[in-house]
Amino acid sequence: MRRSDREVTDINDIISIINSCDTCRLALFDDGYPYIIPMNFGYNYIDNRLFLYFHCANEGKKLELISKNPHACFEMDCHHKLITCENACDYTMEYESVIGKGVVEIVRDDKESALSYIMKKYSDKSDFSFNKKYVDAVTILML
């Protein structure tokens, strides 16, 4: 990061930013070009490690790309505020963001827990029950 004075390193502040974001962009490799997908997500922070969870169909381009190269990065941002000035070149945008990278894994066991993290992100509930038919119809990605 070029502006280290703006870098957020405290995990509590990072989690606060994550809680304010409603979309996470997942970037994958696609034949020499990035492939980026905006996705709903959930997270868990345990043992000083952040885990991001995404759900998708059981087939499709994301899974094809991940099978070829599971390395990925992500970005999420929030609290956008345009700062206007008299001169066009002095305009700027304030925002908060979290960016990271890792290796995407497919969650094969306990998909319900991962789905619960996603549901918790978008609701006030934390205990969910899931229909097995629907759980079987999705793939859970973890980064």
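By convention here, the first residue in the shown sequence is residue 1.
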Q: Rounded at 0.5 Å granularity, tell me how far CG in Leu50 sits from CG in Leu143.
A: 8.5 Å
Q: Is the shortest heavy-atom distance from the side chain of Phe54 to the side chain of Cys24 under 4.5 Å?
A: yes
Q: About how many Å separate CG of Leu63 and SG of Cys56, when rounded to the nearest 0.5 Å?
A: 4.0 Å
Q: Please tell me if the side chains of Leu28 and Ile37 come closer than 4.5 Å, counting only heavy atoms from C-beta onward.
A: yes
Q: Which atoms form the tightest heavy-atom contact between Phe130 and Ser116, and what is the distance?
A: CE1-OG, 3.4 Å
Q: Could you tell me if the side chain of Tyr43 sits less than 4.5 Å from the side chain of Ile15, heavy atoms only?
A: yes
Q: With no hydrogens and no angle check, do the side chains of Asp13 and Ser16 hold a donor and an acceptor under 3.5 Å apart?
A: no
Q: Under 4.5 Å between side-chain heavy atoms, hopping through other hydrophobics if needed: is there a path connecting Ile36 to Leu52?
A: no
Q: Look up atom NZ in Lys111 and atom CD1 in Ile118, then write down how far apart they are to the nearest 0.5 Å.
A: 11.0 Å
Q: Below 30° counts as parallel, above 60° as perpendicular, anything between as tilted: where do the rings of Phe51 and Tyr53 land?
A: parallel
Q: Are Phe74 and Ile99 close enough that some pair of their side-chain heavy atoms sits under 4.5 Å apart?
A: no
Q: So for atom OH, which belongs to Tyr35, do other residues, nucleotides or ligands contribute more than 12 heavy atoms lying within a distance under 6.0 Å?
A: yes
Q: Which distance, rounded to the nearest 0.5 Å, do you find between the CD1 of Ile66 and the NE2 of His71?
A: 12.5 Å
Q: Heavy atoms, side chains only, cut-off 4.5 Å: are Met76 and Ser97 in contact?
A: no
Q: Taking atom NZ of Lys120 and atom CG of Leu115, what is their separation to the nearest 0.5 Å?
A: 14.5 Å
Q: Among the clusters formed by ILVMFWY side chains lying less than 4.5 Å apart, do Tyr134 and Ile140 turn up in the same one?
A: no
Q: When you look at Thr139 and Ile106, which way does the side chain to side chain contact (heavy atoms under 4.5 Å, CB included) test go after all the steps?
A: CA-CA 7 Å; Thr139 294; Ile106 295 176; 3.8 Å; yes
Q: May I ask you to decide whether Asp30 forms a salt bridge with Lys68, counting only side-chain N to carboxylate O separations under 4.0 Å?
A: no
Q: Mind checking whether Asp77 and Arg25 have side chains closer than 4.5 Å, heavy atoms only?
A: yes
Q: Just by distance, do the side chain of Asp90 and the backbone of Cys85 share a donor-acceptor pair under 3.5 Å?
A: no
Q: At their closest point, which heavy atom of Met39 faces which heavy atom of His55, and how far apart are they?
A: CE-O, 3.5 Å
Q: Give a yes or no answer on whether the side chain of Asp10 reaches the backbone of Asn12 with a donor-acceptor pair at less than 3.5 Å.
A: yes
Q: Output all residues satisfying side chain to side chain donor-acceptor pair (under 3.5 Å) with Asp22, sequence neighbours left out; order by chain, then residue number.
A: none
Q: Counting N and O atoms only, with roles assigned by atom type, does the side chain of Lys121 sit under 3.5 Å from a partner on the main chain of Phe41, one being a donor and the other an acceptor?
A: no
Q: Is there a path of hydrophobic side-chain contacts, each under 4.5 Å between heavy atoms of I, L, V, M, F, W or Y residues, that connects Val103 with Met142?
A: no
Q: Under 4.5 Å between any side-chain heavy atoms of Glu105 and Pro70, yes or no?
A: no
Q: Quick one: are Ile83 and Glu94 in side-chain contact, heavy atoms under 4.5 Å?
A: yes
Q: What distance separates Cys73 SG from Lys101 NZ, expressed to the nearest 0.5 Å?
A: 9.0 Å
Q: Report yes or no: do Tyr117 and Asn44 form a side-chain donor-acceptor pair below 3.5 Å?
A: yes
